[in-house]
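Starting from 1, each residue takes its place in the sequence as its number.
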Amino acid sequence: MIGAAGPRPLSGGLAARIIGFLSVALIPLGVVAYLQTAELSEETRARSQLSLAALTESAASGERQTILRTLGAAQVLGTAANLYQSDKEQCSAIFREYAESRPNITFAGILALDGLIRCSSAGETVDISDSPNFHYILDNPRSTVQLNEAPRISKQSVLVVAEPFFYRNALAGYVAISIPAVGLRDRELPDPDSDIEELLTFNSAGQVLSSRSPRERTVELLPDALDLATLSESTASSFKARSADGKSRIFAVAPLVPGLVYALSIWPENSSAASAVQGNDFAKLLPFLMWAASVIVAFLAINRLVIRQVRTLSQQMRNFARNRRVPQEAAGAQMALELRDMESDFLHMANAILQDEAQLENALREKTILLKEVHHRVKNNLQLISSIMNMQIRQSESEETRVVLRRLQDRIRGLATIHRNLYQTEDLGHVDAGRLLDDLIRQMSLVADQSTSRIQLDTELENVELYPDQAVPLSLLTAEALTNAVKYICPDHNGTLHVQVRFKRLEASRALIEISNTCHPEPELSSDSTGLGSRLIRAFATQLGGELEQGVSDGVYSVRVTFTLTDFIPEAGDY
């Protein structure tokens, strides 16, 4: 059956399937693009971090140069220490001359392994055996840089650079040079570094050597969960962490003197350094955005070029199926060539269908007119025969002849009634059996031999459509059964002659016809009980394909036939 297109799930539509296929096709490209973007983003981030560390190293180049020059001077003075250590006056003169020639040097001397400084620019012996810095130097016999906030000679916070020197391959002592901690850098920060919040230096033990801000402020800016000694174990890097004051900042570490002195720069979270450390999440999202944009663009293009045109063509087909209307104007100007050809084929097919249907309707109308004319002529001929027989009945002198002719006349009138109903109905292929039986009963002479007032006729007829192949034997069976009922009817205990006709549908494909009349409780078999009427009733029941039941029950004789409603069965000549 052709009908309106019902609701369809979105997943079954052409658009959803195209999006699914495009998504699957673009997934490998999206994965590759995502991996390459992530790798490139990570490489860019690593380079940015190295750039940040290099910027930190450049910003602390003043401290680096000062410490390197001091270390170099300590190594040179270590050679002089081996030559003049026994001559205290000469040794002190050399160190004093060096300290006076360098404005940023506050002290220079030789620290013996016993903790005494006998040769120094101060010219006096100093005992620092109880100093924590001295014990650290003894425990780490290598180049060291430490902060001494309360020196005995310099009287100000200084950085102590200690360089070991050896005599005959044995550690002989240390050359110690003190430089002021304040003003350690020899130049200001360049303009690109102006957004650095803090720049400090520290040694491998995690001790802060110098800073731009006061020490209390510097402590608040240091990472809260990290130790500076831990940072000295890593290479140049940058990271984001929370400071001791609770704010998130960017930190960059760069070695000034590897294994000895390091620089730490601190940047605000909203500075340019943040992008280098945090990375760019948008770059990772870019492949997904490109995938989404590709799917959307492809869908819009397919929707405009295909889906919208297919829907238009589908709507035209549905309208044609419902109303048999061909579109006045084709939408081919906006369609692709293939869809335009499809629409043209549909329009040609629709026109051909309309022409074929028109021809079929004309042929059917002509056939209906001819069939009605045939049924009308047959009815007229049967009525003419009935009239002739009626004339013959009136002229006949034998009562037996008149009875036989009258029963034959009733059968002919029944056939005429069938043909009259066939040409009066709109659908010649179906007959209203209830209406047909009602007309048949009215025309029959039920009381031909009895008084009308003594017979009570009850009818219960349902409107059931039958094909003529079953309507004809049903009508003839009813006529014969009614004739027998009137012939053998007897009054009941009330003295009433009663005849009942029932026709109804039992199931979807079953029907029942029952004709009953009152009779004696124990009727005697008449001599003509096996006559023509009984044989005709059995023959008509056989034509109906039904089950015949007849007999007496409680003073009522019934003829009951149950049969199956069948469709029209064409013969070979109908094809």
Side-chain angles (χ1 to χ4, degrees), residues 56-81 84 91-111 117-124 126 128 131-134 136-137 142-165 173-190 193 196 198-205 207-215 217-218 228 254-265:
T56 301
E57 182 178 356
S58 176
S61 60
E63 289 88 337
R64 179 174 181 272
Q65 293 176 6
T66 300
I67 294 173
L68 286 178
R69 284 197 299 265
T70 305
L71 284 173
Q75 292 174 357
V76 174
L77 293 175
T79 303
Y84 301 101
C91 181
S92 298
I94 294 175
F95 280 89
R96 184 168 47 253
E97 183 180 358
Y98 171 73
E100 291 176 353
S101 64
R102 298 291 186 274
N104 60 339
I105 301 298
T106 60
F107 174 82
I110 297 177
L111 174 61
I117 300 178
R118 300 180 180 86
C119 173
S120 67
S121 60
E124 59 183 74
V126 181
I128 61 170
S131 173
N133 291 341
F134 172 70
Y136 179 80
I137 291 174
R142 57 185 180 85
S143 301
T144 60
V145 179
Q146 299 182 75
L147 175 66
N148 190 351
E149 297 182 338
R152 300 180 183 179
I153 299 175
S154 301
K155 307 303 181 183
Q156 60 177 335
S157 179
V158 295
L159 294 182
V160 179
V161 178
E163 180 70 26
F165 67 92
Y174 296 87
V175 175
I177 301 177
S178 298
I179 55 178
V182 179
L184 179 63
R185 63 175 62 251
D186 59 354
R187 62 186 179 89
E188 295 295 330
L189 292 174
D193 307 338
I196 296 180
E198 179 59 274
L199 179 66
L200 57 91
T201 59
F202 63 95
N203 58 17
S204 58
Q207 183 185 31
V208 178
L209 302 179
S210 64
S211 62
R212 295 174 57 187
S213 304
R215 187 165 297 275
R217 175 59 180 166
T218 303
L228 292 180
L256 298 181
V257 181
L260 186 60
V261 180
Y262 300 85
L264 176 66
S265 61

Taken to the nearest 0.5 Å, the spacing of R69 CZ from I179 CD1 works out to 9.0 Å
Note: Y136 and T144 closest approach over all heavy atoms is CE2-CG2, 4.1 Å
The reported gap from CZ in R96 to SG in C91 (rounded to nearest 0.5 angstrom) is 10.5 Å
Taken in chain and number order and not counting sequence neighbours, the residues that satisfy side-chain hydrogen bond (donor to acceptor under 3.5 Å, both in side chains) with S157 are none
**Prompt:** Would you say the side-chain atoms of Y174 pair up with the backbone N or O of I137, donor to acceptor, closer than 3.5 Å?
**Reply:** yes
d(S210 OG, R215 CZ) to nearest 0.5 Å is 9.0 Å
F95 and V175 have their tightest heavy-atom pair at CE2-CG1, 4.1 Å
Would you check if L159 and E63 make a side-chain contact, meaning some heavy-atom pair closer than 4.5 Å? no
Quick check: does any side chain N or O of S211 sit under 3.5 Å from a backbone N or O of L200, one acting as donor and the other as acceptor?
-> no
Of all heavy-atom pairs linking R142 and G259, the shortest is NH1-O, 3.5 Å
Rounded to the nearest 0.5 angstrom, the CG-CG distance for L199 and L264 is 8.0 Å
### Message
Under a 3.5 Å cutoff, is there a donor and acceptor pairing between the side chains of T218 and S213?
### Response
no
When every non-hydrogen atom of A99 is compared with those of S121, the smallest separation belongs to CB-CB, 3.8 Å
Would you say L147 and V208 make side-chain contact, with heavy atoms under 4.5 Å? no
Check your understanding: Is Q75 reaching over with its side chain to a backbone N or O of E163, donor-acceptor style, under 3.5 angstrom?
Key -> no
Note to self: Looking at R212, is its backbone amide N or carbonyl O close enough to the side chain of E198 to form a donor-acceptor pair, meaning the two atoms are under 3.5 Å apart?
What the structure shows: yes
dist S143:OG -> N203:CG (nearest 0.5 Å) comes out at 13.0 Å
Does the side chain to side chain contact (heavy atoms under 4.5 Å, CB included) test come out yes or no for L77 and I177, once each step is laid out? CA-CA 10 Å; L77 293 175; I177 301 177; 4.0 Å; yes
Between S178 (side chain only) and T106 (backbone N and O only), is there a donor and an acceptor less than 3.5 Å apart? no
query: With a 4.5 Å limit on heavy-atom distance, are the side chains of L71 and L260 in contact?
result: yes
Value for OG (S120) from CG (L111), rounded to nearest 0.5 Å, stands at 11.0 Å
ask   = Are the side chains of I128 and N133 in touch, meaning some heavy atoms are under 4.5 Å apart?
value = no
So do L256 and E57 actually touch side chain to side chain, heavy atoms under 4.5 Å? yes
Between S265 and I196, the two heavy atoms sitting closest are CB-CG2, 4.4 Å
In short, Y98 meets A73 closest at the heavy-atom pair OH-CB, 2.9 Å
Check your understanding: Taking atom CD of Q156 as the centre, does the number of heavy atoms from other residues, nucleotides or ligands within less than 6.0 Å exceed 12?
Key -> yes
